[in-house]
Amino acid sequence: MTVTVLGLETSCDETAAAVVTSDGDVLSDVVRSQVAIHAPYGGVVPEVAARDHAVALPEIVTRALASANRELRDVDGIAVTNRPGLAGALLVGLLTAKGLAWGAGKPLIGVDHLVGHLLAVFLRREGATPPPAFPFVALLVSGGHTAIYRVDGSRLDDIQELGATRDDAAGEAFDKVAKLLGLGYPGGPVVDRLAARGIASRAPVTLPRPMAGRAGFEMSFSGIKSAVARHVERNGVPEGDALEDLCAAFQETVVEVLVSKTLGATKAEGLGRIVLGGGVAANRGLRKRMTEAAATRGIEVFIPPLASCTDNAAMIAYTGALSLARGETSPLDLTPSTKTALLRVTRKGGGRR
Ligand code: KG4
Ligand code: ZN
C-alpha cells in the first residue's frame, strides 16, 4: 500500500518540509537555507540555527503542503529528523512535528538523518536516474558526516558502517581550508571552482594522504587541512594561479582518499554498486574521479540530483513513509539525539588502536 507522508528537517542549517510517497514520488520539497545567516561567523552557530528554524518552519510547512496540493488531513503521517544533529535545531522540528501529529491525529515517525541521506537515491524527481538495487556501498560526504556504508535494505538493521572519518568531515575540511584562504563560507563550491582551473602537481606544497597505506576504511582529513594551514602561515595566502593550484592539490588529495577507500570497501564487500550522497557529492572532482575509477572495475556509480544530496526533507519524508508502510511509528514522547542510531565502527580522535 502506498502511503503519503509530510516530512520535516531541521537538524542543521536547512529548514525544510516535503510531501513524499512511499513509492518515492516527491509531491513537494521546500528548503530554506540559513547559509547567509551563518556566513559572517564562518560556520553554523547552533543557537542561531535553532532560533531561525523556530521562526521559519511554520511557513515552510504551509508551503510544502500547499505546493503538494494537500491538507494536513490528507497525509498518512508526519516524519521528522530526530537524530543526529544540533540539539536545539532538532528540537524545533521535533516539537513542531509532535504538535502537527497530535493535532491532526496522525502517526509520528522519527527518522535518522543519515538513513535519509542513504535512501535519497530512491527519490523520484526531475533529473533522477533509475535507482540501484540493494545491496550497495554508499559514500555519505557532507559538512557534518563522512562515512562509507553497506546498505542491504531500508531498515536501520540493514545498514552497516564500514568506515568513517576519525576527525573532520570532508565538507568541514573544504570549509576550513576555504576560510584559511579567505574564500568565505561554505567553502566547497568555491574551492571546487578554483580547483578546476588549477594544476595540482604545480602546487608548492606536498599534502599528506592520511590512512592511505592502512587496511580498513577509516579516513582522516584534519591533517590535509593542517598542511594547508602551515603552508599559508609560512608563505601567506597565495593568489592567482598559485591559489588555483593549491585548491586543485587539496581537492585532489581529499578526493583520492574518498575514492580509494570507497572502492576498497566495495571490493571487500564484493559489490558492484556505489551510491553517493551528501553536499560534497556536488564536487566535480569527486564525481569524475569516482565514476572513472569505478568504470575501470566494472562498478556502477549512482549520483542523485543535487537537491537529493544536500539536506532536504524529501529524504526524511520518504524514509518515514517506508517505516509507516511497515507499520513502524514513534511514540509522542520521542526524544532528539545528537548521535545517529546506526552502529558506528569508527572511533573519533587519534591515538593507538
Ligand atoms: O549535505 P550538506 O548540504 O549539509 C550538511 O553538511 O549536512 O553539505 C554541505 C557541505 C559543506 O561543507 C560544503 O562546503 C560542501 O558540502 N560542498 C562541497 C561542494 N558543494 C557543497 N564540497 C566540495 N565541493 C562542492 N562542489
Ligand atoms: Zn545532512
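We count ligands from 1, going down the list as the structure has it; atoms in each ligand are counted the same way.
Where the criterion is an N or O separation shorter than 3.5 Å, residue side chain and backbone included, Asn283 meets it with respect to ligand 1. At a 3.5 angstrom cut-off on N or O pairs, Arg284 does not count as close to ligand 1. The shortest N or O to N or O distance between Gly143 and ligand 1 is under 3.5 Å.
The pair Lys179-Glu172 fails the salt-bridge criterion, with no side-chain N (NZ, NE, NH1 or NH2) lying under 4.0 Å from an Asp/Glu carboxylate O.
Remark: among candidates Asn312, Asp192, Leu114, the nearest residue to atom 26 (N) of ligand 1 is Asp192, based on non-hydrogen atoms.
Residue contact check: Gly171 has heavy atoms under 4.0 Å from atoms 12 (O) of ligand 1. Numbered from 1 in the order shown, with element, the atoms of ligand 1 that lie under 4.0 Å from a heavy atom of Gly144 read 6 (O). Every atom of ligand 1 is numbered from 1 in the order shown, and the set under 4.0 Å from a heavy atom of Gly187 is 14 (O). The Asp175 neighbourhood of ligand 1 comprises atoms 11 (C), 12 (O), 13 (C), 14 (O), with distances under 4.0 Å to a heavy atom of that residue. Below 4.0 Å from some heavy atom of Ser142 lie the following atoms of ligand 1, by number and element: 1 (O), 5 (C), 6 (O), 7 (O), 8 (O). Within ligand 1, the atoms closer than 4.0 Å to a non-hydrogen atom of Pro186 are 14 (O), numbered from 1 in the order shown.
Side-chain contact between Arg273 and Val275 is absent, with no heavy-atom pair separated by less than 4.5 Å. Annotation: side chain of Val257 is not in contact with side chain of Met211 (no heavy-atom distance under 4.5 Å).
Checked by atom type, the side-chain pair Ser222/Asp168 shows no donor-acceptor distance below 3.5 Å. No side-chain N or O of Glu218 forms a donor-acceptor pair with one of Ser220 less than 3.5 Å apart.
Among the atoms of His113, an N, O or S atom is found under 2.8 Å from the Zn ion (ligand 2). For His117, the nearest N, O or S atom to the Zn ion (ligand 2) falls under 2.8 Å.
When each of Val141, Val280, Leu140 is tested with Thr146 by the rule side-chain contact (heavy atoms from CB on, under 4.5 Å), just one qualifies, namely Val141. Of the residues Val20, Asp23, Leu27, the one that meets the side-chain contact (heavy atoms from CB on, under 4.5 Å) test with Thr4 is Leu27.
The N, O or S atom of Asp311 lying closest to the Zn ion (ligand 2) is OD1.
Although no hydrogens or angles enter the test, the distance criterion places a donor-acceptor pair under 3.5 Å between the side chain of Lys106 and the main chain of Arg73.
Under a cut-off of 6.0 angstrom, the local environment of CZ in Arg209 is crowded, with over 12 non-hydrogen atoms contributed by other residues, nucleotides or ligands.
Residue Cys12 places no heavy atom under 4.0 Å from ligand 1.
Ring planes of Phe134 and Phe136: parallel class, angle under 30° (limits at 30 and 60°). By the 30° and 60° cut-offs, the orientation of the rings of Phe250 relative to Phe174 is perpendicular.
Ranking protein heavy atoms by distance to atom 8 (O) of ligand 1, first place goes to Gly279 CA, 3.4 Å. Of the protein's non-hydrogen atoms, Val280 CG2, 3.9 Å is the one closest to atom 15 (C) of ligand 1. Protein heavy atom nearest atom 18 (C) of ligand 1, with residue, atom name and distance: Gly188 CA, 3.4 Å. At the top of the distance list for atom 7 (O) of ligand 1, counting protein heavy atoms only, stands Asp311 OD2, 3.0 Å.
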